[in-house]
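The structure appears right after this line, and notes come after that.
Starting from 1, each residue takes its place in the sequence as its number.
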Amino acid sequence: MSAERYQRSDANEVLRVEGLTVQYGALVALHNVSWSASADQILGIIGPNGAGKSSCFAAVTNAVDRRGRVFLDNIDVSGVKTFDLASRGLRRTFQQNSFFGELTVLQNAVSAIVRDYSTSLSTSLLMPWREVATRRQAELAATELLDYFGIASQYLHQLPGDIPYGVQRLLSVALAYGTGSKVLLLDEPAAGLSGGDMKKLADVLISLRRQNLALVVIEHHMDLIMSIADHIVMIDQGAMLATGTPAEIQRDPRVVEAYLGRDE
């Protein structure tokens with residue numbers, strides 16, 4: 001299926017991007033890219049190194065200068081700042097693990113949800129017991145969050161740098177998700193993973209899809225993305241080359257030539 005034949009998603013559409021273009025000086029990193037993601041769907045974005053995939057996420061979250069439009073729940077959020085987009089439920093991870101290295105795993109999780117469990121200054125001063133109770137609620141919620149993402153209790157009081165790499169990758173996804181999101185943009189979540197760690201990640205992503213969440217996943221591990229994605233967008237040299245189901249993408253000779261047939 002060609003990029004030109006790409007159609008908008010159904011009524012469950014949560015995120016839609018239209019004509020995203022990113023230019024760094026004379027370099028056009030992204031040109032006129034459009035796609036959409038729906039609740040209960042995993043949209044995969046694939047392409048060779050340097051194709052513009054991460055620039056696509058940066059453009060969606062307004063982290064770089066770009067042209068084009070972004071719609072969240074059919075509301076134009078093209079001018080909304082990155083932080084405010086996150087508070088509206090549009091969140092992302094990065095290729096590198098992202099957490100506070102000096103805080104424990106549990107403290108990182110509390111930090112990710114603290115806005116939903118904070119108390120006012122007057123409450124802290126006049127009713128300190130309520131702040132203690134609120135903090136305890138936040139810790140319980142953070143523990144449940146980590147458990148949902150398959151992060152065992154034995155790691156909660158360790159520093160992120162001291163836990164296995166596969167658990168670090170799950171932690172980065174958990175922190176981005178926080179108390180819940182509408183759209184989760186995952187930039188190569190399986191980077192550096194193999195075997196059992198890959199299977200755990202796949203199980204988590206499938207579970208998130210069942211929670212009425214739209215996931216957009218940039219990934220180089222073809223076995224993973226082909227097995228979990230409902231729809232795939234192929235980007236090459238900053239432009240959309242093809243889009244379709246995993247089966248359609250695997251049969252597309254342009255995709256095979258541009259990416260699947262290349263040595264990594």
Side-chain angles (χ1 to χ4, degrees), residues 1-23 28-64 66-78 80 82 85 88-95 176 181-189 205 208-209 212-220 222 224-226 228-252 254-255 258-260:
M1 183 182 298
S2 69
E4 290 77 10
R5 290 172 58 195
Y6 179 74
Q7 300 294 325
R8 293 182 180 179
S9 299
D10 57 25
N12 291 326
E13 179 184 272
V14 182
L15 177 67
R16 183 172 78 254
V17 301
E18 298 179 351
L20 290 185
T21 298
V22 176
Q23 188 166 349
V28 179
L30 207 64
H31 177 66
N32 198 31
V33 168
S34 301
W35 47 259
S36 67
S38 299
D40 302 318
Q41 181 194 64
I42 297 177
L43 173 68
I45 297 182
I46 65 172
N49 290 328
K53 302 182 300 296
S54 293
S55 290
C56 190
F57 276 10
V60 170
T61 56
N62 204 14
V64 295
R66 51 100 164 104
R67 297 190 300 276
R69 304 171 74 190
V70 178
F71 297 85
L72 184 62
D73 282 337
N74 212 33
I75 297 173
D76 192 334
V77 293
S78 304
V80 177
T82 305
L85 285 173
R88 294 187 185 204
L90 175 57
R91 302 169 184 173
R92 67 165 296 188
T93 66
F94 296 85
Q95 291 181 14
S181 61
K182 296 178 180 178
V183 185
L184 197 54
L185 310 178
L186 305 177
D187 196 345
E188 296 191 33
L205 298 185
L208 287 172
R209 176 174 58 187
N212 204 38
L213 179 68
L215 294 103
V216 185
V217 184
I218 291 173
E219 192 50 69
H220 276 296
M222 290 297 101
L224 173 65
I225 200 65
M226 292 297 172
I228 66 172
D230 301 287
H231 202 86
I232 292 177
V233 168
M234 162 72 185
I235 297 177
D236 190 27
Q237 298 181 7
M240 284 181 62
L241 185 66
T243 182
T245 66
E248 290 171 333
I249 289 294
Q250 290 179 79
R251 292 194 301 264
D252 194 311
R254 296 166 302 172
V255 175
Y259 185 64
L260 297 178

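Taking CG from Leu205 and CD1 from Ile228, the interatomic distance works out to 4.5 Å, rounded to the nearest 0.5 Å. The CD1 atom of Ile75 sits 11.5 Å away from atom CZ of Arg16, with the distance rounded to the nearest 0.5 Å. One distance of note links CZ of Arg67 with OG of Ser78; it measures 13.5 Å at 0.5 Å rounding. Separating the CD atom in Glu188 from the NZ atom in Lys53 is a distance of 6.0 Å, to the nearest 0.5 Å. If you take CD on Glu219 and CG on Asp187, they are separated by 9.0 Å, rounding to the nearest 0.5 Å. Here CD1 of Ile235 is found 7.0 Å from CD1 of Ile218. Values are rounded to the nearest 0.5 Å.
The closest side-chain heavy-atom distance from Val217 to Pro189 is below 4.5 Å. Looking only at side-chain heavy atoms (C-beta outward), Arg88 and Val80 come within less than 4.5 Å of each other. Contact of the Ile45 side chain with the Ile225 side chain is not registered, since no non-hydrogen atoms from C-beta on lie closer than 4.5 Å.
Shortest non-hydrogen contact noted between Val70 and Asp76 is O-OD1, 3.4 Å. Taking every heavy atom of both residues into account, Leu30 and Ala59 meet most closely at CD2-CB, 4.4 Å. Closest approach of Pro246 to Asp230, counting heavy atoms only: CD-O, 3.8 Å. Contact between Thr93 and Leu186 at its shortest, heavy atoms only, is OG1-CA, 3.3 Å. In plain terms, the two heavy atoms of Gly19 and Ser34 that are nearest each other are N-OG, 2.8 Å. Between Gly44 and Ala229 the shortest heavy-atom distance is N-CB, 4.2 Å.
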Self-check item: Residues Leu185, Leu90; criterion side-chain contact (heavy atoms from CB on, under 4.5 Å); working and verdict
Solution: CA-CA 8 Å; Leu185 310 178; Leu90 175 57; 4.1 Å; yes
Quiz prompt | Steps toward side-chain contact (heavy atoms from CB on, under 4.5 Å) verdict (Ile249, Ile46) | solution = CA-CA 10 Å; Ile249 289 294; Ile46 65 172; 4.0 Å; yes
Exercise. Report the C-alpha distance between Arg92 and Val60 in whole Å, list the side-chain angles of each, state the deciding distance to 0.1 Å, and finish with yes or no for side-chain contact (heavy atoms from CB on, under 4.5 Å).
Key: CA-CA 10 Å; Arg92 67 165 296 188; Val60 170; over 6 Å; no
Practice problem: Show your reasoning for whether side-chain contact (heavy atoms from CB on, under 4.5 Å) applies to Glu13 and Phe71. | Solution: CA-CA 10 Å; Glu13 179 184 272; Phe71 297 85; 5.9 Å; no
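Side chain of Thr243 to backbone of Ile232: a donor-acceptor contact under 3.5 angstrom is found. Checked by atom type and distance alone, the side chain of Thr82 pairs as donor or acceptor with a backbone atom of Thr61 at under 3.5 Å. Put simply, the side chain of Asp236 never gets that close to the backbone of Gly47: no donor and acceptor are under 3.5 Å apart. No donor-acceptor pair under 3.5 Å is formed between the side chain of Asn212 and the backbone N or O of Ala39.
Checked options Val216, Leu15, Leu215; the residue passing with Leu43 is Val216 (criterion: side chain to side chain contact (heavy atoms under 4.5 Å, CB included)).
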